[in-house]
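Everything on this sheet refers to the single structure shown next.
Any value given below was found using the heavy atoms of this structure, including those in side chains, with hydrogens, waters and symmetry copies removed. In this chain, numbering begins with 1 at the start of the sequence shown.
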Amino acid sequence: MAEFKHLVIVKFKEGAPVEDIVKGMEKLVSEIDHVKSFEWGQEMEGHEMLTQGFTHAFSMTFEKKEGYSAFQNHPNHVEYSAIFSAAIEKIVVLDFTTVRVKPPV
């Protein structure tokens, strides 16, 4: 069965408390059982033409779409979303089922 991914790519507003926001997201996903895994990273090497100013990527994996839906409606997520959204200048969100071509080693 295909997993469900939630990918968020952002550019934070100037002066946004990025470290606090990331710690808040780490806390959020650790509190909600529907999240199977969570990874995040900061852009390091891309050319501005390609990155278009986006600086951070966040990826969550769920067993299935229903888990993602439950996560979206969880009170902790609803509360955190207001904080996260207020710090965002630009955002791209992709939600998709995965097609695994090469499994992890």
Glu39 CD: over 12 foreign heavy atoms closer than 6.0 Å: yes
Main-chain N/O of Lys27 paired to Ser30 side chain as donor or acceptor, under 3.5 Å: yes
For Lys90 against Ile88, the heavy-atom pair lying closest together: O-CG2, 3.2 Å
Student check: side-chain heavy atoms of Glu66 and Phe4 closer than 4.5 Å: no
Side-chain heavy atoms of Val22 within contact of Asp20, under 4.5 Å: no
Phe58 and Val10, any side-chain heavy atoms less than 4.5 Å apart: yes
Heavy-atom side-chain proximity of Pro75 to His77 below 4.5 angstrom: no
Pairing of Glu63 and Lys36 as salt bridge, 4.0 angstrom limit: yes
Interatomic distance, Ile9 atom CD1 to Ile91 atom CD1 [nearest 0.5 angstrom]: 9.5 Å
Within the 6.0 Å centroid threshold, strictly below: His34 and Phe71: no
Smallest separation among heavy atoms of Glu31 and Asn76, with atom names: OE1-ND2, 3.0 Å
Heavy-atom side-chain proximity of Phe54 to Glu43 below 4.5 angstrom: no
Presence of salt bridge, Arg100 and Glu3, under 4.0 angstrom: yes
Gap separating the OG1 atom of Thr51 from the CD atom of Glu45, nearest 0.5 angstrom: 12.0 Å
Side chain to side chain, Leu7 and Phe96, heavy atoms closer than 4.5 Å: yes
Verify same cluster id: Trp40, Val35 (apolar side-chain graph, 4.5 Å): yes
Within one Ile-Leu-Val-Met-Phe-Trp-Tyr cluster: Val93 and Ile32, side-chain cutoff 4.5 Å: yes
Sequence-distant partners of Lys5, salt bridge (Lys or Arg N to Asp or Glu O under 4.0 Å), two or more places apart: none
OG on Ser81 to CG on Leu28, rounded to 0.5 Å: 7.5 Å
Donor-acceptor contact present, side-chain Tyr68 to main-chain Thr61, <3.5 Å: no
Within-4.5 Å side-chain heavy-atom neighbours: His6 and Phe62: yes
Side chain to side chain, Val29 and Met60, heavy atoms closer than 4.5 Å: yes
Near-ring test Phe12/His56, centroid separation under 6.0 angstrom: yes
